[in-house]
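Everything on this sheet refers to the single structure shown next.
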Amino acid sequence: MNDLDTIVSSAQAAFAQAPTPAELENAKARYLGKTGQITELMKGMAALSVEDKKTRGAAINLAKQAIEAALNARRQALADAELQAQLQAEALDVTLPGRQRGQGGLHPVSRTLERIEQIFGSMGFDVAQGPEIETDWFNFTALNTPQDHPARSMHDTFYVEGGSAEAPNLLRTHTSPMQIRHAVQHVKRYAGNAGGLFAGDMPEIRVIAPGRTYRVDSDATHSPMFHQCEGLWIGTEVSFKDLKFVFTDFCRTFFEDENLVLRFRPSFFPFTEPSAEIDIQFTSGPLAGRWLEVAGSGQVHPNVVRNMGLDPEKYIGFAFGMGPDRLTMLRYGVNDLRLFFDGDVRFLSQFR
Ligand code: DAH
């Protein structure tokens, strides 16, 4: 192997090993650059005879061409590889299915609330919303549950900042304060500035108030946050039989069961007199034959009617408070209340 062959094969090897275009150009400079090996050989020809120049020159030119050919081939190979890599990186598989947003759905308790609103709406009830942070007055006192009333200890209350030492603010323990809030607004619209207890004429109060309520309580059937829906009907001739009719109609419609049986069991609430707990019984299905408590109710206590700004000699009515969470459990056969609030999509998506 003569010196030219050695240079050519060394150049070919160097080019083949150059991993990037930049390194390839560096390698090229070592052979074809101003001080490259081939250039140096050209310069060395000056000392040769004319005859030798011809043969040596031709040989060097051949070597140079071979090196240039190897250089171009490698340049092309590197460019091809780069293009391939780019194409691969930007590859678009048009056969893949499009990206879609997962389909959402209403929470089962929201479904129940909508259903309650729809059914009571069809019976002429308005829907009222109120604050979850309440004053002692609306949550207890106005509902005939004064400071030292034993019924207060039935509610394990979350107290919050604000209010006074005797009447601290709290997270409402039930939706019953909405009875007062809504009735006071309603009465204001018709009573004018007369003052005292209103005994004039006004349209009936017929309202439900669904929403979140809070108690210090947590197990399979209790959650510190839960839902209630209050109902209130105040007029001049509203009686306990109207309560029975309305609530029976509601339950049968809600559970889509015309044979559902209701029981009004005597009970006590400070804001109603008489009071009743309402139990239902299915006549078929897995829960058939058991009494299931769904609501508290009663005839609104005269003291509460007064706190609404109404004269209890003229105005009378009934109220009820039910648990939409429990209604949801009964309707769908769910046995653990906490499932509703864990936010596990595997559970919730079953209600889509
Ligand atoms: N507020 C009661 C509770 O949370 C439920 C209740 C009972 C509401 C009787 C009422 C009622 O409106 O008349 O236990």
Side-chain angles (χ1 to χ4, degrees), residues 116 120 125-128 130-132 134-146 149-158 170-184 205-217 221-235 238-248 250-251 262-280 292-308 310 312 315-327 337:
I116 291 172
F120 277 103
F125 281 73
D126 294 327
V127 178
E132 290 168 28
E134 260 301 2
T135 62
D136 185 79
W137 165 258
F138 284 112
N139 197 80
F140 289 123
T141 313
L143 291 164
N144 200 35
T145 319
H149 198 290
R152 276 204 187 202
S153 56
M154 286 159 48
H155 293 206
D156 295 298
T157 309
F158 284 109
L170 44 84
L171 296 184
R172 66 179 179 187
T173 59
H174 51 178
T175 45
S176 302
M178 281 307 293
Q179 289 187 31
I180 308 290
R181 285 186 178 276
H182 181 81
V184 164
I205 297 170
R206 214 182 297 170
V207 69
I208 58 167
R212 281 184 281 270
T213 47
Y214 302 84
R215 285 185 208 180
V216 186
D217 212 351
T221 51
H222 297 90
S223 148
M225 187 287 300
F226 57 104
H227 295 84
Q228 280 199 349
C229 181
E230 199 73 10
L232 178 70
W233 186 336
I234 298 280
V238 184
S239 74
F240 212 94
K241 83 172 191 299
D242 297 306
L243 165 64
K244 284 184 132 178
F245 176 81
V246 164
F247 210 84
T248 302
F250 163 73
C251 287
L262 277 80
R263 172 172 85 175
F264 288 72
R265 180 164 41 85
S267 184
F268 171 81
F269 298 101
F271 29 89
T272 43
E273 182 59 39
S275 304
E277 240 141 337
I278 307 175
D279 302 332
I280 62 169
L292 308 158
E293 185 187 320
V294 292
S297 68
Q299 185 140 9
V300 180
H301 194 287
N303 286 346
V304 176
V305 175
R306 277 190 201 95
N307 289 331
M308 293 171 175
L310 291 169
Y315 284 103
I316 192 169
F318 66 78
F320 57 84
M322 59 184 161
D325 305 326
R326 184 153 167 74
L327 294 184
L337 174 69

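Quick caveat, the model's predicted, so the values are computed rather than measured. Note that ligands are numbered from 1 as they come in the structure, with each ligand's atoms numbered from 1 the same way.
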*salt bridge (Lys or Arg N to Asp or Glu O under 4.0 Å) with R326: which residues, sequence neighbours excluded?*
none
*What residues, two or more places apart in sequence or in another chain, satisfy salt bridge (Lys or Arg N to Asp or Glu O under 4.0 Å) together with D325?*
none
*Could you check N139, T157, T213 and say which one makes a side-chain hydrogen bond (donor to acceptor under 3.5 Å, both in side chains) with T173?*
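Between T173 and the candidates, side-chain hydrogen bond (donor to acceptor under 3.5 Å, both in side chains) is satisfied uniquely by N139.
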_Whether the side chain of T248 engages the backbone of K244 through a donor-acceptor N/O pair (distance < 3.5 Å, no angle test) should be reported._
yes
*asked:* What does the 4.0 Å heavy-atom contact list look like for ligand 1?
replied: H174, S176, Q179, R215, Q228, E230, F269, F271, T272, G296, S297, G298, A319, F320, G321
*Side chains of L292 and D279: closer than 4.5 Å at any heavy-atom pair?*
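No, side chains not in contact.
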Extract all donor-acceptor atom pairs below 3.5 Å that involve side chains of residues 295-305 and protein atoms in other chains or at least two apart in sequence.
residue: S297; atom: OG; partner: A276; partner atom: O; Å: 3.0
residue: H301; atom: ND1; partner: N303; partner atom: N; Å: 3.0
residue: H301; atom: NE2; partner: N144; partner atom: ND2; Å: 3.4
residue: N303; atom: OD1; partner: R306; partner atom: NH1; Å: 2.8
residue: N303; atom: ND2; partner: N144; partner atom: OD1; Å: 3.0

